[in-house]
Amino acid sequence: MRTPDNETPDDLIDRDTGSDGPGKKGAVRTCILSRAEAPRDGLIRLVLSPDGVVLPDVRAKAPGRGAWIGVNRAELAQSGKQLRGALARAFKTGDLRIPDDLGARIAEQLQRALLDRLGLEARSGKVVTGGERIETAARSGRLHLLLHAADAGGDGKRKLDQAWRVGSDREGSGLTGFTLPVDRTILSLALGRENVVHVGLTDAKAAARVSDTLARWLHFIGPDLAPEPCETGSQGASGIGGVRTNDERTGK
């Protein structure tokens with residue numbers, strides 16, 4: 001990625017190199033559009049390709065200077081000249097090109113980040129699939145997060161939601177699993193398993209990691225594309241998106 005002529009790589013080490021070195025965790029960044037400050041994990045990093053194309057770097061791994069945005073997809077699409085001016089100032093060059101599908105590229109990367117995270121947790125043995133296995137984990141109090149595919153049947157969702165409420169001592173509450181904006185085919189590919197309709201997280205830390213990644217995606221795609229949250233009025237683990245793990249709901 002491009003490094004402005006008036007800055008050396010050493011100048012950028014403690015700023016936006018993209019690597020999570022000492023002091024990076026919990027670092028705060030400023031959205032170039034709204035000027036609001038937020039932890040870097042809650043924002044989207046943009047970088048310049050060698051030929052001056054603005055590209056998303058949602059994992060914040062690309063080297064060089066980065067520009068951060070905290071707006072959602074609709075707000076980004078409406079930013080127009082404000083975005084170009086803010087990027088020119090951030091990258092210290094007007095020689096840049098903003099793709100017409102920048103919002104779609106960001107959304108795609110955020111979706112991929114979620115699916116990759118689910119795949120990692122599955123390979124670590126922290127994910128359970130299959131209605132019977134999830135129900136068993138839920139009723140025994142071992143379920144920390146419940147996710148449904150977009151094309152999951154209503155009866156199956158209600159059955160697992162109820163099992164989760166029972167196992168969490170939350171009968172009569174609004175506790176439900178979260179319906180993802182992806183279908184079973186995509187979930188199955190991500191987890192390397194057949195016919196994944198429901199996903200359960202049986203590890204609290206793994207559930208929090210997935211919840212954070214999901215909330216970040218939902219925040220960007222906006223309320224028009226995101227499904228209803230697990231519980232009315234609740235917020236995600238990172239403060240956005242309406243996704244909460246069982247530990248966050250119960251306080252345990």
Side-chain angles (χ1 to χ4, degrees), residues 1-49 52-111 113-114 211-226 229 233-244:
M1 300 301 169
R2 175 179 298 178
T3 300
D5 293 338
N6 63 340
E7 295 187 356
T8 66
D10 287 342
D11 293 327
L12 301 176
I13 289 175
D14 293 324
R15 300 182 67 185
D16 288 316
T17 64
S19 59
D20 294 322
K24 281 291 181 181
K25 187 175 182 179
V28 173
R29 295 289 181 265
T30 301
C31 172
I32 62 172
L33 291 172
S34 69
R35 306 308 300 170
E37 293 186 346
R40 52 178 271 155
D41 288 345
L43 301 179
I44 305 300
R45 187 172 187 259
L46 303 176
V47 294
L48 281 183
S49 71
V53 179
V54 178
L55 299 174
D57 175 33
V58 302
R59 300 177 196 263
K61 297 296 183 183
R65 175 181 285 274
W68 300 79
I69 58 171
V71 296
N72 64 32
R73 185 171 178 174
E75 293 166 337
L76 178 66
Q78 296 169 1
S79 60
K81 293 181 180 179
Q82 181 188 2
L83 176 62
R84 172 169 290 278
L87 288 170
R89 290 189 294 273
F91 291 121
K92 300 186 183 300
T93 177
D95 183 19
L96 53 83
R97 181 169 66 85
I98 304 172
D100 293 337
D101 63 345
L102 179 60
R105 295 189 190 196
I106 294 173
E108 182 179 359
Q109 282 197 14
L110 290 170
Q111 176 180 316
L114 170 66
S211 181
D212 285 345
T213 308
L214 173 57
R216 191 175 179 220
W217 177 32
L218 297 179
H219 171 70
F220 181 74
I221 63 178
D224 292 338
L225 294 178
S234 65
Q235 289 186 316
S238 59
I240 52 178
V243 186
R244 297 191 70 172

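Note that this is a predicted model, so its numbers are computed, not measured.
For residues 77-89, there are no salt bridge (charged side-chain N to carboxylate O under 4.0 Å, His left out) pairs, not counting sequence neighbours.
Annotation for Arg59 and Ala113: closest pair NH2-CA, 3.6 Å, computed over non-hydrogen atoms. Shortest non-hydrogen contact noted between Arg216 and Leu43 is NH2-O, 2.6 Å. Nearest heavy atom pair, residue Cys31 against residue Gly70, reads SG-N, 3.2 Å. Counting all heavy atoms, side chain and backbone alike, Leu96 lies closest to Ile98 at CD1-CG1, 4.0 Å. Closest heavy-atom contact between Ala107 and Arg73: CB-NH1, 3.8 Å. Shortest non-hydrogen contact noted between Thr30 and Glu37 is OG1-CG, 3.4 Å.
Residues Leu110 and Thr213 have side chains not in contact (no heavy-atom distance under 4.5 Å, counting atoms from C-beta outward). Put simply, the side chain of Arg45 does not reach to within 4.5 Å of the side chain of Pro56, judged on heavy atoms. Using a 4.5 Å cut-off on side-chain heavy atoms (C-beta onward), Trp68 and Ile32 make no contact. When side chains are defined from C-beta on, Ile69 counts as touching Leu46, because their heavy atoms get closer than 4.5 Å. By the 4.5 Å heavy-atom criterion applied to side chains, Leu33 and Gln82 are counted as neighbours. Looking at Leu76 and Ile106, their side chains come closer than 4.5 Å, going by heavy atoms from C-beta outward.
The backbone N or O of Ala62 sits less than 3.5 Å from a side-chain atom of Asp57, completing a donor-acceptor pair. Formation of a donor-acceptor pair under 3.5 Å by the Glu75 side chain with backbone atoms of Asn72 is found in this model. No donor-acceptor pair closer than 3.5 Å links the side chain of Arg29 to the backbone N or O of Gly42.
The environment of CG in Asp101 is crowded: more than 12 heavy-atom neighbours from other residues, nucleotides or ligands sit within 6.0 Å.
Of the inter-residue distances, the one linking Trp217 atom CH2 with Leu114 atom CG reads 6.0 Å to the nearest 0.5 angstrom. Atom-to-atom distance recorded for Leu55:CG and Gln109:CD is 8.0 Å, nearest 0.5 angstrom. To the nearest 0.5 angstrom, Leu83 atom CG is 12.5 Å from Gln78 atom CD.
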Give the intermediate values and the outcome of side chain to side chain contact (heavy atoms under 4.5 Å, CB included) for residues Val71 and Ile44.
-> CA-CA 9 Å; Val71 296; Ile44 305 300; over 6 Å; no

